[in-house]
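This report refers to the structure that appears directly beneath it.
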Amino acid sequence: MSANHNELPKAYNPKGVEDRIYEAWEKSGLFNPDNLPGERTESFCIMMPPPNATGTLHIGHAMFLTLEDMMTRFHRMRGRAALWLPGTDHAAIATNTKVEKLLAAEGRTKYDLGREGFIKRVEEYIEGSRGTIRKQIRKMGSSCDWSREAYTFDEQRNRVVREMFVRLFNDGLIYRGYRIVNWCPRCESTLADDEVEYREEPAKLYYMKYGPFVVATTRPETKLGDTAVAVNPNDERYQAQIGQTFEVNFGIGPQQIRVIADEEVDREFGTGVVGITPAHSAVDFAMAEKNKLPMKKVIGEDGKMTALAGKYAGFVAVEARKKFVADLQKLGLIEKIEDLTHKLSICYRCSTPVEPLTSRQWFVDVNRSIATRDGQTLKQLSLEVVRDGRIKILPERFEKVYYNWMENLRDWCISRQIWFGHRIPVWYCQSCYVGNDAPERVGDSSSYERAGQPGLIASVETPTKCPTCGRDENIGDLSQDTDTLDTWFSSGTWTFSTLGWPDQTADLKKFHPTQCLETGYDILFFWIARMILMTTYAVGEVPFETVYLHGLVRDEQGRKMSKSLENIIDPLDVAEKYGTDAVRLSLIIGNTAGNDLKMSEEKIEYYRNFANKLWNISRFILLNLDSDKAGSEATKGTKFPKSKTLADKWILSRLATVIESVTLDIESYNFSRPGETLREFTWNELADWYLEIAKVEGDKSEMLSYILRTILKLWHPFMPFVTEEIWRLAFAENENDFLLVAEWPEPSKEADVLEDRQIAEEKFNKIREVVIAVRNIRSEKKIEPAKKIDSIFSCHGNFSELMLDQAEIIKHLTRSLDFKISADDELARVVSNSSSTTTTSGVSIAVSLDGAVDFDQQKLKLQKDLSEANKYIGTLQGKLSNDDFITKAPSQVIEAEKKKLAEAEDRSAKLEEQLKALG
RNA sequence: GGACGAUUAGCUCAGUUGGUUAGAGCGUCUCGUUUACACCGAGAAGGUCGAAGGUUCGAAUCCUUCAUCGUCCACCA
């Protein structure tokens, strides 16, 4: 737009630029695919993994925002209807825990506020902090469609969750039953299997006299709930007892104990006899299920011993253990106590030890065949879509991890006793609902409550009437279940709940299935597996075609970032300091799917420097265009330029290759390599060579404007701010002309125009080689950069023609006054006490020197070069004289080797001549 | 216990289906105010590709075993 670029600052300063540009983008409405120009039949959609509404942006968020924004921008420029849908997560249990902590700091508990008061408090808290994360997402340059922003706990998502629950319930896939669950006594709630973490702790192993056996246990107090002991079926020590029942008395009355056999039992551990506590161990529960054992719940939800524990009732489990062990010791029932370390299961949110216990909860049945899905189970559906390739997981190795997890998935406990979350949409009729009691024996699924049970109502809308007995809510007969749903139950609907499901909206048709789901491998199970499970069931489609899993961001020593290590890099701090573009590049380049990334400020600084380099490249080009034909057609860069010189042909050929490989790489989810390709091209080819040449050749308006225009487009998905700013200064026709929606360069179109790309590149590379060789001599001989020199080349074949043709370039780049082309023997003669020489394949070079020449040093150098060349010749000859190689290797390989040999021999011969000339 | 990944220049990493005299960036060394850029330019040094076997005309690349580090899953009652 501006015709005069003299006032552009020498260094790019992202401050001010970034916010202004983001605002302009947002105002333009172009993040919304509905507003994109042109006919866009093909869509590209990514659902943003919703950050916790109460969170703040950390480097992991910055990484996924960068990757997803890059994909979105790329596909938008490629002409697709690109939708990146943002949102936040209510994160039920995490938020609940956070607010409880806040209350604790005020000396209060949730009970002081009551359920409603507490939820109100949670919502206020979220309202206060939600804006932060939204602002931070913008700061990273995220081109997501804010008009479609979603929240996992808003009205629409609430409706979807209820709808989902009711459908699953009606298909018999949700049931209520007594099963073993992970119980967090602090949260007073169940946890899913994958919400349990482990911590190594020292513990005691107590050897208890146990009827006819001795049983080793770390938790003696649970033995009060034992109903069996198990031995390995092949353990010859206990063969006689298998199947028998005996009685023990630990001081609270007699307990009937059966002896069962199970492969799971390790003969080597302890005494090879395990006490089985069906109500308080997942493994024991599974064994009990197989053997239909009775269960005795001796620990309650409050973490205290129950009435069934006799005199120990009311004590917290750990206290009960102390008392119980002391009592047993008095009775002489403790044989010995050993030390061991074991892994304690703890809550992933509050690190409180988890108490496994049986409880009446809601479960999703993953192994029940679904009539409406060809009799497949949820587990089978979820496995099938990955197995048949409808969902591709990158990197591929995580597919195996997924299978392994999915194959071993147990029924998913979805009810939580925390207050904040989606309320379970189930009502019980006080008149006719009779809940099933805890079953006598484990694994009695006839006690499970499912659809069809009288007075048990699952409903999307609050029911007004009991369908069984007809009594209505007004007389207080219907009461809703007090539990809430696992937070992952709602996140599992993310790809379709955000698009209007269950209504068949235009968005749903257009954008579902989504193309890519990009997230960290740490939530493969929590989230991705749940989305696959719920979407294949509810929508009958896969939620996404490709899963791209990124790794963890670590510090420069490879440690996890943590507050205690004080090694956290705050993306907002460094974005402020170095610019968002620099942060983005440091997160993309060097990062590959599934691998962790080491991050450091130095790295970010390097990319800050690169952004500045691009700025200055642009500045140079713009100043050039100014002085040339400012404002004319030729400076717009919209036309593929006519190449006039070898350098033009070379750079255009290289650019065509870059367009091709960058496009292909991003399409195939390689993001680091295109960044490197572009950096290499921009810095090491365009800036270091072509722009220097442009200074001598001149008349480059068409070339330079086209190249700048093109690389701005190619760089835009990686560093949107600086490229958009340069675009505005250089090419924008008006203030609504955004690089954001510029057309991506078409690879084949460019390449077709060029002929003899390979020849042009080979020729130019030869020039580069010669220039570097001369510079090498200058550097070795310590010739001041400002001093002009004279050179003599002797060339083979048609190289002399090439050298003469490109004389201006060579002189400029080597700071030579002039050079001469001479025949071989002539060069050898010229090499005297006033020259330094070197040889590249095809061209020998001598540079005239003023001062005295160190013959010995020069001779040594030549000899070293010669011996290296001869050694190389040796290996090549060896290869070529090997019959096996000649007969078995493909002919192009053999030809290539022959060519290498010829070149090496040529070089060797020249070196010898030069040596001879030196005497 | 099971599975997976990593191991290439001092550091961080590339290396596509086996065919380069093994590459880049940082760092190091030498030189430098050349009409964009010192957030820069020119040049250089630096690697028996974790170890040992094997397959092959040919291995950083494929196979086997081992070592070290790391991750995930299961779990010792």
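For the numbers below, each heavy atom of this structure counts, side chains included, while hydrogens, waters and symmetry mates do not. Residue numbers begin at 1 in each chain, while the letters A, B, ... track the order of the sequences.
Checked against side-chain hydrogen bond (donor to acceptor under 3.5 Å, both in side chains), A:Asp226 has the following partners two or more places apart in sequence or in another chain: A:Tyr210, A:Lys223, A:Thr277. Applying the ring pair (Phe, Tyr, Trp, His ring centres under 6.0 Å) rule to A:Tyr402 yields no partners; only residues at least two apart in sequence or on another chain are considered. In this view, A:Lys861 and A:Asp865 satisfy the salt bridge (charged side-chain N to carboxylate O under 4.0 Å, His left out) rule, not counting sequence neighbours.
Only the C1' atoms considered, B:A44 is 14 Å distant from B:G27, to the nearest whole Å. A distance of about 36 Å separates the C1' atoms of B:U17 and B:G1, rounded to the whole Å. The same atom, C1', is picked in B:G46 and in B:A24; the two are 14 Å apart, to the nearest Å. Taking atom C1' in both B:C13 and B:A6, the straight-line distance is 12 Å, to the nearest Å. Nucleotides B:C39 and B:A9 place their P atoms 30 Å apart, quoted to the nearest Å. Comparing B:U7 with B:C49, their P atoms are spaced 14 Å from each other, to the whole Å. Distance noted for atom P between B:U48 and B:G10: 8 Å (whole Å). Remark: the separation of the P atoms in B:U28 and B:C11 is 15 Å, to the nearest Å.
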Fill in: Under 4.0 Å protein heavy-atom contacts per nucleotide of nucleotides 4-11 of chain B, with B for base, S for backbone only and - for none
SS------

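Look at OH on A:Tyr607: it is 7 Å from C1' on B:G25, rounded to the nearest Å. Spacing between atom CD1 of A:Ile588 and atom P of B:U12 amounts to 22 Å, rounded to whole angstrom units. Rounded to whole Å, atom P of B:A14 lies 10 Å from atom NZ of A:Lys598. Remark: C1' of B:G2 and CG of A:Asn408 are 11 Å apart, rounded to the nearest angstrom. Between A:Asp522 atom CG and B:C73 atom P the separation is 10 Å, expressed in whole Å. For the pair A:Phe610 CZ and B:C39 P, the interatomic distance rounds to 17 Å; values are reported in whole Å. Rounded to a whole Å, the CG atom of A:Leu708 is 16 Å from the P atom of B:A36. The distance between atom CD of A:Glu601 and atom C1' of B:C26, rounded to the nearest whole Å, is 15 Å.
Within the structure, salt bridge (charged side-chain N to carboxylate O under 4.0 Å, His left out) contacts touching residues 589-600 of chain A (residues at least two apart or in different chains) are A:Arg554-A:Asp596. Applying the ring-ring contact (aromatic ring centres under 6.0 Å, His included) definition to pairs two or more places apart or across chains, those involving residues 589-625 of chain A are A:Tyr12-A:Trp615, A:Phe610-A:Trp683, A:Phe610-A:Trp715.
At the heavy-atom level, A:Glu338 lies nowhere under 4.0 Å from the strands shown. Base contact: A:Arg608 has a heavy atom under 4.0 Å from a base atom. Within the 4.0 angstrom heavy-atom criterion, only backbone atoms of the sugar-phosphate kind lie near A:Lys10; the bases stay farther away.
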Identify each donor-acceptor pair in which a side-chain atom of residues 887-896 of chain A lies under 3.5 Å from a protein atom, sequence neighbours left out, and give them as a table.
unit_1: A:Thr887; atom_1: OG1; unit_2: A:Asp883; atom_2: O; d: 2.8
unit_1: A:Thr887; atom_1: OG1; unit_2: A:Asp884; atom_2: O; d: 3.2

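Annotation: of the two residues near RNA chain B, A:Tyr12 and A:Phe525, the 5′-most nearest-nucleotide partner is A:Tyr12. Summary of the strand contacts: A:Asp596 and A:Asn612 both lie near RNA chain B, and taking for each the nucleotide with the nearest heavy atom, the more 5' one is attributed to A:Asp596.
Taking every heavy atom of both residues into account, A:Ser816 and A:Thr814 meet most closely at OG-OG1, 2.6 Å. When all heavy atoms are compared, the tightest approach of A:Arg267 to A:Asn232 is CG-CB, 3.5 Å. A pairwise comparison of heavy atoms in A:Leu597 and A:Gly590 identifies CD1-O, 3.5 Å as the closest pair. Of all heavy-atom pairs spanning A:Ala216 and A:Thr271, the tightest one is N-OG1, 4.3 Å. Taking all atoms of both residues into account, the shortest heavy-atom contact from A:Glu355 to A:Ala317 is OE1-CB, 4.2 Å. Listed here is the closest heavy atom pair of A:Ile180 and A:Pro278: CD1-O, 3.8 Å.
In this model, the phosphate group of B:U21 is approached by a side-chain N or O of A:Tyr872 to a distance below 4.0 Å at OP1 or OP2. Residue A:Asn609 has a polar side-chain atom (N or O) positioned under 4.0 Å from OP1 or OP2 of B:C40.
Applying the 3.5 Å distance criterion, the base of B:U30 shares no donor-acceptor pair with the side chain of A:Arg778.
Shown for residues 675-688 of chain A: residues whose heavy atoms fall under 4.0 angstrom of RNA chain B, namely A:Arg679, A:Trp683, A:Ala687, A:Asp688.
With a 3.5 Å limit on both pairing distances and Watson-Crick or G-U wobble geometry required, the stems of 3 or more pairs in RNA chain B span B:1-7 with B:67-73, B:10-13 with B:23-26, B:28-32 with B:40-44, B:50-54 with B:62-66.
The environment of A:Lys788 atom NZ is dense: over 12 non-hydrogen atoms of other residues, nucleotides or ligands sit within 6.0 angstrom. Within 6.0 Å of CZ on A:Arg768 lie more than 12 heavy atoms contributed by other residues, nucleotides or ligands. The number of heavy atoms from other shown groups lying within 6.0 Å of CD (A:Glu268) does not exceed 12.
Between the side chains of A:Tyr348 and A:Glu195, at least one donor-acceptor pair of N or O atoms lies under 3.5 Å.
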Could you go through nucleotides 74-77 of chain B and list every protein N or O atom that sits under 3.5 Å from one of its N or O atoms, giving the distance for each pair?
unit_1: B:A74; atom_1: N6; unit_2: A:Lys343; atom_2: NZ; d: 3.1
unit_1: B:C75; atom_1: N4; unit_2: A:Lys343; atom_2: NZ; d: 3.4
unit_1: B:A77; atom_1: OP1; unit_2: A:His342; atom_2: ND1; d: 3.4
unit_1: B:A77; atom_1: O5'; unit_2: A:Thr218; atom_2: OG1; d: 3.0
unit_1: B:A77; atom_1: O3'; unit_2: A:Thr217; atom_2: OG1; d: 2.7
unit_1: B:A77; atom_1: N6; unit_2: A:Asp266; atom_2: O; d: 2.6
unit_1: B:A77; atom_1: N6; unit_2: A:Phe269; atom_2: O; d: 3.0
unit_1: B:A77; atom_1: N1; unit_2: A:Asp266; atom_2: N; d: 3.2

At a cut-off of 3.5 Å, list every protein nitrogen or oxygen paired with a nitrogen or oxygen from nucleotides 54-60 of chain B, distance to 0.1 Å.
unit_1: B:C57; atom_1: OP1; unit_2: A:Lys888; atom_2: NZ; d: 2.3
unit_1: B:C57; atom_1: O2'; unit_2: A:Asn882; atom_2: ND2; d: 3.2

Could you write out each protein N or O paired with an N or O of nucleotides 31-35 of chain B at a distance under 3.5 Å?
unit_1: B:U34; atom_1: O2; unit_2: A:Arg815; atom_2: NH1; d: 3.1

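Checked for salt-bridge contact, A:Glu221 and A:Arg219 meet the test: a charged N lies under 4.0 Å from a carboxylate O. Note on A:Glu897 versus A:Lys900: salt bridge recorded, some NZ/NE/NH1/NH2 to OD/OE distance being below 4.0 Å.
For the atom pair A:Glu601 CD and A:Ser586 OG, the distance stands at 10.0 Å (nearest 0.5 Å).
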Worksheet item: Can you check side chain to side chain contact (heavy atoms under 4.5 Å, CB included) on A:Asn291 and A:Ile276, steps first, answer last?
Response: CA-CA 11 Å; A:Asn291 292 283; A:Ile276 298 300; over 6 Å; no

